[in-house]
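Small disclaimer: the values here were computed from a predicted structure and weren't measured. A note on names: the letters A, B, ... follow the listed sequences, proteins ahead of strands, and every chain is numbered from 1.
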There are 2 protein chains.
Amino acid sequence: MTKLKDIAARLGLSPATVSRALNGFPEVNEQTRQRVQAVARAMNYRPNQIAQKLVSGRSGMIGMILRSPVDVATDPSFFEVMAGLSSRLADYDMDLVFHASNAEDEVAPYRRLVAKATLDGFILNAPTVEDQRIQFLTAAGVPFVVHGRAGLGVPDYPFFDIDNAALARQSVALLHDLGHRRIAFLNGPANYAYAAQRLSGFQSALAARGLVTPTRFIRHDRLAEDYGQRAAATMLTDTAAPTAFLCASTLIAAGVLRAARKAGLSVPGDLSVIAHDDAIPQFRAVNFEPALTVTRAPIRDACGPLTDKMVRLLDGAQSSDLQTMVTADLIVRQSTGPVPVGQQGGWNETSVVAD
Amino acid sequence: MTKLKDIAARLGLSPATVSRALNGFPEVNEQTRQRVQAVARAMNYRPNQIAQKLVSGRSGMIGMILRSPVDVATDPSFFEVMAGLSSRLADYDMDLVFHASNAEDEVAPYRRLVAKATLDGFILNAPTVEDQRIQFLTAAGVPFVVHGRAGLGVPDYPFFDIDNAALARQSVALLHDLGHRRIAFLNGPANYAYAAQRLSGFQSALAARGLVTPTRFIRHDRLAEDYGQRAAATMLTDTAAPTAFLCASTLIAAGVLRAARKAGLSVPGDLSVIAHDDAIPQFRAVNFEPALTVTRAPIRDACGPLTDKMVRLLDGAQSSDLQTMVTADLIVRQSTGPVPVGQQGGWNETSVVAD
DNA sequence: TTGTAGGCGTTATCAT
DNA sequence: ATGATAACGCCTACAA
């Protein structure tokens, strides 16, 4: 490994000057800089990151912790995000350190790693409504950026999130405009913040239109095809069955479509289906039969912003300047249509009580 | 952050003594050691890993690179292994650094990271028959351990692998003993070493029994349910259809079972199915209908050995002492049974030629 | 048994 | 514009 000293010796300079030349300090003679750069390239010089880290106090390592088996089953996007983050971080010569924990206590691994003090910060995924990790890291004063956000409002830490409430409202608006009055909601697990946010948006959009959805038509579960199929199959046997399904993911929608098929219902003729689409390559909503109407917000779009926020946070930026919320696109395809004739009636408060 | 110097000052000792006391050097006074440890704990001392790394020349970081999108689609076990490795490495206070690459050139990310010289070594997954990464790292003299192995023989680098050839032989033996003479093989992608190894074992086991399987009944493709279903559906329409399927994964077997169901065939009455099972929690072969006969080798069992090998390799152990091959367990369940009467005939050379 | 001093490779401060 | 020197925190000869 060639080091600064080697280059310096070769050129009859001091290591300090070589360092300055390589790091673009303005005071070095332009000609000197050229020579230094040439030799550095020739000798295939790479700065020793460990040494840089020792002096800078930074490790250049960002941690991401998988809550297994929770995340594996619940968050198929986790690795897509990890992959994107690692690429982006590489642009800053930073590394993504991966840890997995199957501990009961989801904070435990953070506690351990914070104690080691070897990471510059953390990126958190899939926050829950009252996320313990966020509380711990905040208290510990450790930099972190959240993909998503806990609670319903704007928190006081850096985050990148989609507007989950708005997304549910958009979906309800579309279905309502098509005449649907009985809209079921197959949401994600209730403990996740995004699910709470979507539920909030769903409820408020219904309320704004004088609609109501009985609790038996609002479910919370993992984003899986099974869940969609079973829940829909059950609901479709109801005497006042939903005419439309809002699904938390395309996987769930796939299950609903299957249930509809088995029940002999055509989509969108008898039933409308809309889902939120994270645009994960494996499940392409366009290729569904029929092509799925979705609110779309590619999860990989979060990687760049999350990385930038982390870098700026480490550079001392204010949390309040590192908060982004984007809105999902509404993409109308073939799985949504006008409410079937004779099904224009809504659920009423009574049916809620009767529930 | 409290450092050695702080502890030393507090005790009126030198940093050197404190370091020795903490690192278990035999020469320090036991009483001194006690005091040092007590104070260290009291002050919540953690050694600065960066500093340790600078002096030791080791970074304590092991790299693992995802070939996306290849691995995501092709190797569902990748993340299970990553999770296991990170836990094991943590026992050695080492970290797993994750990178993703969608580059054409699978060696490119290794080239980049090797140049940065910030990782101690790499763990490679899913080697291909002539793996470029292995060739590069070998030439570069960078430590690495392979989960699997390239080629058919015993290579000259550290690895942990299951005996893929034996596994295929075991399966053929079981089926043959049950009277099956027409065994189809739904293998993994041909470029992967494990697929080549299993094919080799499959062929040799057939040959040893005077059997032959026409090439149209040997397929190579990704470990997906679709593949299993389509391939089986096609093969089952053949005038001399297979009476048994050997599948490279339980996912493929799931597809075969579905195809059998659609074709009105009962398993194991009309058709036997055996698969190799990596024992990934998501797909539990026991829960199949019928419960699946498998060769079983939990992929997570590789994590401990891979980590140990890496650590020992970095400590200077010989490659030849770091090679492990384990055999899979044969677990006979409900998906295999005697060949149906009237189907005891095998394929012959003629049908191969006719193929 | 403990202390001193030098070094790991880089950056930053202060001279020159 | 460049050089010497110290510092980052730890480890390890070597000295005492």
Side-chain angles (χ1 to χ4, degrees), chain A residues 1-40 43-61 92-95 115-120 314-316, chain B residues 1-37 39-40 43-61 93-94 115-120 314-315:
Chain A
M1 281 291 85
T2 99
K3 39 192 148 179
L4 278 187
K5 212 201 292 186
D6 301 331
I7 302 180
R10 193 94 114 68
L11 288 164
L13 290 170
S14 76
T17 302
V18 175
S19 169
R20 285 187 282 243
L22 257 23
N23 292 321
F25 279 57
E27 67 251 32
V28 304
N29 188 320
E30 194 49 37
Q31 188 181 332
T32 308
R33 189 193 307 283
Q34 302 294 345
R35 293 197 304 147
V36 169
Q37 287 176 334
V39 172
M43 299 180 76
N44 192 29
Y45 169 77
R46 305 284 161 181
N48 180 322
Q49 287 198 56
I50 304 287
Q52 288 180 318
K53 286 162 189 172
L54 180 59
V55 58
S56 73
R58 290 238 209 124
S59 74
M61 287 157 51
Y92 294 96
D93 253 309
M94 296 172 73
D95 294 302
K116 285 215 309 177
T118 175
L119 299 178
D120 291 341
L314 294 177
D315 282 345
Chain B
M1 282 292 86
T2 97
K3 39 193 148 178
L4 279 188
K5 212 201 298 186
D6 301 331
I7 303 180
R10 192 92 117 69
L11 289 164
L13 290 171
S14 75
T17 303
V18 177
S19 169
R20 286 188 281 245
L22 257 23
N23 292 323
F25 279 56
E27 66 251 31
V28 304
N29 188 321
E30 195 50 37
Q31 186 181 332
T32 308
R33 187 194 307 284
Q34 302 295 344
R35 293 197 304 145
V36 168
Q37 287 175 335
V39 171
M43 299 179 77
N44 193 30
Y45 169 78
R46 306 284 161 179
N48 180 323
Q49 285 199 53
I50 304 286
Q52 288 180 317
K53 288 162 189 173
L54 182 58
V55 57
S56 72
R58 289 240 208 124
S59 74
M61 287 156 52
D93 252 311
M94 297 172 71
K116 287 214 307 177
T118 175
L119 300 178
D120 290 342
L314 294 176
D315 282 345

For [N] and [X] - does any side-chain N or O of the residue sit under 4.0 Å from the phosphate oxygens OP1/OP2?
{"X": "A:Asn48", "N": "C:dC8", "answer": "no"}
{"X": "B:Ser14", "N": "C:dT2", "answer": "no"}
{"X": "A:Ser19", "N": "C:dT10", "answer": "no"}
{"X": "B:Tyr45", "N": "D:dG9", "answer": "no"}

Does the base of D:dG3 carry an N or O that pairs as donor and acceptor with the side chain of A:Arg20 under 3.5 Å?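 By the distance-only test, yes, there is a pair.
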What is the distance, rounded to the nearest whole Å, between atom [atom1] of [X] and atom [atom2] of [N]?
{"X": "A:Leu13", "N": "C:dT10", "atom1": "CG", "atom2": "P", "value": "15 Å"}
{"X": "B:Leu22", "N": "D:dT12", "atom1": "CG", "atom2": "P", "value": "13 Å"}
{"X": "B:Lys53", "N": "D:dC8", "atom1": "NZ", "atom2": "C1'", "value": "15 Å"}
{"X": "A:Arg58", "N": "C:dT11", "atom1": "CZ", "atom2": "P", "value": "14 Å"}
{"X": "A:Asp6", "N": "C:dT10", "atom1": "CG", "atom2": "C1'", "value": "13 Å"}
{"X": "A:Glu30", "N": "D:dT2", "atom1": "CD", "atom2": "P", "value": "11 Å"}
{"X": "B:Asn23", "N": "D:dC10", "atom1": "CG", "atom2": "P", "value": "10 Å"}
{"X": "A:Leu4", "N": "C:dG7", "atom1": "CG", "atom2": "C1'", "value": "16 Å"}

For a quick check of understanding: with a heavy-atom distance under 4.0 Å over all strands, which category does [X] fall into, base, sugar-phosphate or nothing?
{"X": "B:Pro15", "answer": "nothing"}
{"X": "A:Ser56", "answer": "nothing"}
{"X": "B:Ile50", "answer": "nothing"}
{"X": "B:Val55", "answer": "base"}

Would a distance-only check, ignoring hydrogens and angles, find a side-chain to backbone donor-acceptor pair under 3.5 Å from B:Arg33 to B:Ala21?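 Here the side-chain-to-backbone pair exists.
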B:Leu54 or B:Val18: which one's nearest nucleotide on DNA chain C is closer to the 5' end? B:Val18
Check step by step if side chain to side chain contact (heavy atoms under 4.5 Å, CB included) holds for B:Thr32 and B:Arg20. CA-CA 10 Å; B:Thr32 308; B:Arg20 286 188 281 245; over 6 Å; no
Taking the nucleotide of DNA chain D with the closest heavy atom to each, which residue, B:Glu27 or B:Gln52, is nearer the 5' end? B:Gln52
Should A:Lys53 and B:Thr118 count as side-chain neighbours, where that means a heavy-atom distance under 4.5 Å? yes
My understanding is that only one of B:Asn29, B:Leu11, B:Ile7 makes a side-chain contact (heavy atoms from CB on, under 4.5 Å) with B:Arg35; could you say which?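 Output: one option passes, namely B:Leu11.
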